[in-house]
Amino acid sequence: MENKKRTFYINLGSQEISQIRDGNNDVFTIQATEEEMFRLRQVLNEVFSADERSFWRSHIPFRHYSEDSQNDDYDYSMREAYKMIYELGDDETKQFIKSIGMDHDEDSDKIYGEENPLT
């Protein structure tokens, strides 16, 4: 595999990865090797799968969100995607991801930079 880093544009909402800036696909800009892009694609595929599982589970009305492993899987996958995009991102991407608190592990007592009112 080629180790040369190239520019990619990422849209997490549509889970799009592109080398061509088009429409709204440039929410995040990263520099990555083919291997790193392959790994990011795997993470985004897991986000999609977890989202689909949580969608079908959401039709069970008596099961609370906090007791739902499908939603936990989705949350974990999204965190992994944000962490990977942060590591590969340009300055603007890193600044945004840091501003929403997705640049570190979930163990923090802060939410969006504010103290967690539930702890």
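Taking every heavy atom of both residues into account, Ala81 and Leu40 meet most closely at O-CD1, 4.5 Å. Among all heavy-atom pairs drawn from Arg39 and Met84, the shortest one is CG-CE, 3.3 Å.
With sequence neighbours left out, the side-chain contact (heavy atoms from CB on, under 4.5 Å) criterion links Glu87 to no other residue. Take Arg21 and apply the side-chain contact (heavy atoms from CB on, under 4.5 Å) test, not counting sequence neighbours, and it matches Tyr9, Asn25, Asp26, Thr29.
Between Leu88 and Ile10 there is no side-chain heavy-atom pair separated by less than 4.5 Å. Leu12 has its side chain within reach of Met78: a pair of non-hydrogen atoms, C-beta onward, lies under 4.5 Å apart. Contact check for Gln19 versus Thr7: no side-chain heavy atoms found under the 4.5 Å cut-off. Side-chain contact between Met102 and Lys83 is absent, with no heavy atoms from C-beta onward closer than 4.5 Å. Annotation: side chain of Lys94 is not in contact with side chain of Asp90 (no heavy-atom distance under 4.5 Å). With a 4.5 Å cut-off on side-chain heavy atoms, Ile30 and Met37 count as touching.
In this structure, Phe28 and Tyr82 have perpendicular ring planes: the angle between them is above 60°, well past the 30° mark.
The residue from Lys4, Lys5, Arg6 that alone fulfils the salt bridge (charged side-chain N to carboxylate O under 4.0 Å, His left out) condition with Glu36 is Lys5.
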